[in-house]
Structures are given as C-alpha cells and as structure tokens.
Protein chains: 2
Amino acid sequence: MSRRERPAKPALTRERIIAAAVAIMRAEGLQRVTMRRLAAELDTGPASLYVYVANTAELHAAVLDELLGEVELDGASGDWSDQLVGVLTSYVEVLTANPQLARTAVATRPSGPNYLRLVDRILGLLADGGVARTRAAWGVDLLLLAATAHSAEHAGADATADQQWDTLGRTLSTVDPRRHPHIHDLSDLLLAGSHTDRLTWSFRALIEGLSRTAVPGE
Amino acid sequence: MSRRERPAKPALTRERIIAAAVAIMRAEGLQRVTMRRLAAELDTGPASLYVYVANTAELHAAVLDELLGEVELDGASGDWSDQLVGVLTSYVEVLTANPQLARTAVATRPSGPNYLRLVDRILGLLADGGVARTRAAWGVDLLLLAATAHSAEHAGADATADQQWDTLGRTLSTVDPRRHPHIHDLSDLLLAGSHTDRLTWSFRALIEGLSRTAVPGE
DNA sequence: ACCTGAACACCGTTCAAGT
DNA sequence: ACCTGAACACCGTTCAAGT
C-alpha cells in the first residue's frame, strides 16, 4: 500500500543533485544553493551529498558549466570579429542573468564540457581571423577573463550594484581637482556610455590588441 | 585601582575597526575577517560594529582600499607604457598576496582614496601616451578590470588554485580532437608561458587595443 | 549616540554508525 | 558503497534594553 502512496525516493545521483542546484539557483539565486538547502530539496541530509560532490565550490562550478550550455555560439552575423563579439556578448548575458554566478566564475577555473565548447569556438574564430596561433592561445584566456569580470561587475541590476555605481559616480564628479587632476578632467567621460557600448568597445579593443601584440619568443 | 590595572578599553572607532580587520587579514586571511571574529578581537560583541560599518561587504571594501595604499605608482622606468605596465603589475602583486581579497575586488566597486589615487595615476600615464580622452576614460576601467580578474584567477599559490590549473591542463591536453579541434591543435600553447610573461603580454595587448579602438561617437 | 546580550536563522564539513 | 543523524564549529544581522 505505502509502496504506491509514497513511492520510494528516486536514488541520489550527481545528475539529480546538479539539476536541483540549477533549479534552486534559478528560483532563489546562487546564494541559496547551499549544501543544506539542497539536501532539504532532495529530501535527505547534507552529509549524503558529499558522496557525489566534493564541496560547495565544486557544486557551484558544476552549476556554472550547466549554465554555459546556454551561450549562443553561432548567433551573430558579420566577419569573424563581429561573430566573436557576439559569442562573448552572449556569454556575458548568460552570466549577468545570474549575478553571483559571475562572481564564482572569476574565482573558479572552469573545465566542464560547455566551457570547452566555448573555448573551442573562440579559438576557431580567432583562427578564421588569421590571428597567430600563439596570440590566439593567450588571447582566449584574456577575452574570457575580461568578459567574466565585466559580468561580475555589472552583475546585477541588483540594488547594491546600482548603489555602488551611484556612489562611484558621485565620488568621481566631486573629486578634489588638485589631488586627482586627471579624474577631475575626465569626470564626465569616466562613467559615460551604455553598458552595451562599453562592453562592445572592450571586446573590440581586446581583439585589436591581442591580434597585434607579439608573444615573447614568438 | 582597577583604573590602572585594567585600563579602560580604547573607544571603538571606524579606524580602529579597520586596522584590526587588516591585521586579521594579514595573519589569517580574509575569510577570517568576519564580524564575529573581529568583534572578539576588539573585545566586544558583533552588534557593536554595526555602528561603524554597514555590513561585511563594506568592511571588506575598506580593507581592500587600505591595501591599495601599497601599490607602487612610480616604481618603473621607461616610457609611459612601461610605467603603466609597472603600475598594473604592482597592483596585481598587492592583490595576489591576498587571494580572497582579489575576489572581493571583482565583486565590489571600490571608491576609496587609494583607489582614486590609482585611477588618477593610470589616467595620467594614458594622457602622457597621447591616448584620446574618451579612450583613456573607458580604458582605465578595462585595465583595472583585467588586472583584478587576473589576480583573482591566479589568486593564490594556494592548493585549490594549483589543483584547478592541473585539472585544466590535463583536460586540455587530452581533449577529443574531433569535438574540440582547435583546443587540440593549440593544447601545447594554451597553458604555456610564465605567469609574469602572460600578465605583461595581457597589459601590452590591452594598452595597444585601447589606444587604437575608437569609442562610439568619438 | 553608542554599546550590549541575546536571539533568529542560518552555514560547511566530518564522522561513527547503520544498511 | 551508499546513506544518515548528530555534532562541531562557526556565520550575518536585528532588536530591545541599557548607559
């Protein structure tokens, strides 16, 4: 009787754990993806999770890779550099949709399947553009680093982020011209422009720079 | 009598709180700089700190700005771009000495006095190099973003970081050539080179790119 | 205004014991 | 091998009450 009315809990698997983690992240944010919260969701105790997941950092890394599956690798048209900007922009969009995730992306060095897929695509586009192999190899790191950091900074139209931006804006525009002459001089430009424009510009500048800059011993 | 033998506790001030926080960070790492640990150090209860500090994030931001005072702004010789690389390298050195601090630097948007001093110096060097005002204004953000992210990634000769690097190395060199042809093709180059060489190359590429890339509406 | 004790609502991780 | 309960050693933040 109880066999039908309360069916056996499905077995714990790494897959099920990570799926539950992703669900919690989407519903409540990464800060709620804790061992204890997750265990409660899976109707077990936190200790049980340690059979499948080494620690919280590894769990978050797995969630991150899962999300990276959403990055659009072939969405943009145009030449190789337009397409590259498109891929990077998609990456940033995926990350900024989940502020805290972007922050763990900076701390963690991902190596999951979706991350590899992304790296391979970027390398392919750099090859299309005729970027020297050595420059491309180092450049992919720099591009992803910058994209990730951008996401982490703009992470969130959340309240704290906006507030910090405002604070910085006020600080910059009222800066002592004697102590900080250059900031004073450029105060109107420092925070100018939309997110999107600045992001695109950053990517263009990075691509330009990494194409032209020789790697030592090249 | 007891007035001399057990002197009154010095009054709580923001300055004293932050000094204690820096001391704990140097001795035990930022992860120990918690409200409770700090309160214990100052011989009071955690609630008392909230008179001077809004929350843990603000506390960590204050610690960060304090550390930025150690960045060497005039250490390097050479032309403006060599000096700029020098400033950025010094910034990275300060941050990587305290792994977790670099990670909070990505999350937080600093606006303390030492941060302003750093921004002003970088803007000055870009002006020396004749970089267009608009490009310099956006470029300083990009440079600091990349430098911070680099620090956060290489944050630590700590065990986890090294392990992640090794994992990534193994993953990259054994990648399926059919699924990830470009990674396979470049696997020997992707992780090649020393930290320092890669960091310097990144800064050179960034400087090159931001000097040459027009800001929209420029 | 500043400081405090106490409480609320949580954490990660380990480990001996069970199945 | 997998799962669990219970424990250890912590967290941030709030709030009523005191000085």
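Here the structure is a predicted model, which means the values were calculated and not measured. Numbered from 1 within each chain, the chains take letters A, B, ... in sequence-line order.
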Next item on the list: Between protein and nucleotides 7-17 of chain C, map the contacts as a letter string: B base, S sugar-phosphate only, - none, heavy atoms under 4.0 Å, written 5' to 3'.
Entry: B---BBBBB--

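B:Leu42 places its CG atom 16 Å from the P atom of C:dC2, with the value rounded to the nearest Å.
Listed by chain and residue number, nothing satisfies the side chain to side chain donor-acceptor pair (under 3.5 Å) test with A:Arg179 (two or more places apart in sequence, or in another chain). With sequence neighbours excluded, no residue forms a side-chain contact (heavy atoms from CB on, under 4.5 Å) with A:Val51. Under the salt bridge (charged side-chain N to carboxylate O under 4.0 Å, His left out) criterion, B:Glu41 pairs with B:Arg37, sequence neighbours left out. Applying the side-chain contact (heavy atoms from CB on, under 4.5 Å) criterion to A:Thr108, with sequence neighbours excluded, gives A:Ala61, A:Leu64, A:Pro110, B:Gln164. By the side-chain contact (heavy atoms from CB on, under 4.5 Å) test, B:Thr148 pairs with B:Tyr91, B:Leu95, B:Ala105, B:Val106, sequence neighbours left out. Looking at residues two or more places apart in sequence or on another chain, you find a side-chain contact (heavy atoms from CB on, under 4.5 Å) between A:Thr13 and A:Glu15, A:Arg16. Every residue two or more places apart in sequence or in another chain was checked for a side chain to side chain donor-acceptor pair (under 3.5 Å) with A:Arg117, and none qualifies.
Comment: B:Arg198 does not engage B:Glu153 in a salt bridge, judged by the lack of any side-chain N to carboxylate O separation of less than 4.0 angstrom.
Residue B:Tyr52 places at least one side-chain N or O closer than 4.0 Å to OP1 or OP2 of C:dC3. Side-chain N/O atoms of B:Thr44 include none lying less than 4.0 angstrom from OP1 or OP2 on C:dC3.
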Checklist line | Pair assignment for DNA chain C - dot-bracket with | for other-strand partners, Watson-Crick or G-U under 3.5 Å | finding: ||.|||||...|||||.||

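The separation of C:dA9 from D:dC10, taken at their P atoms, amounts to 23 Å, rounded to a whole angstrom.
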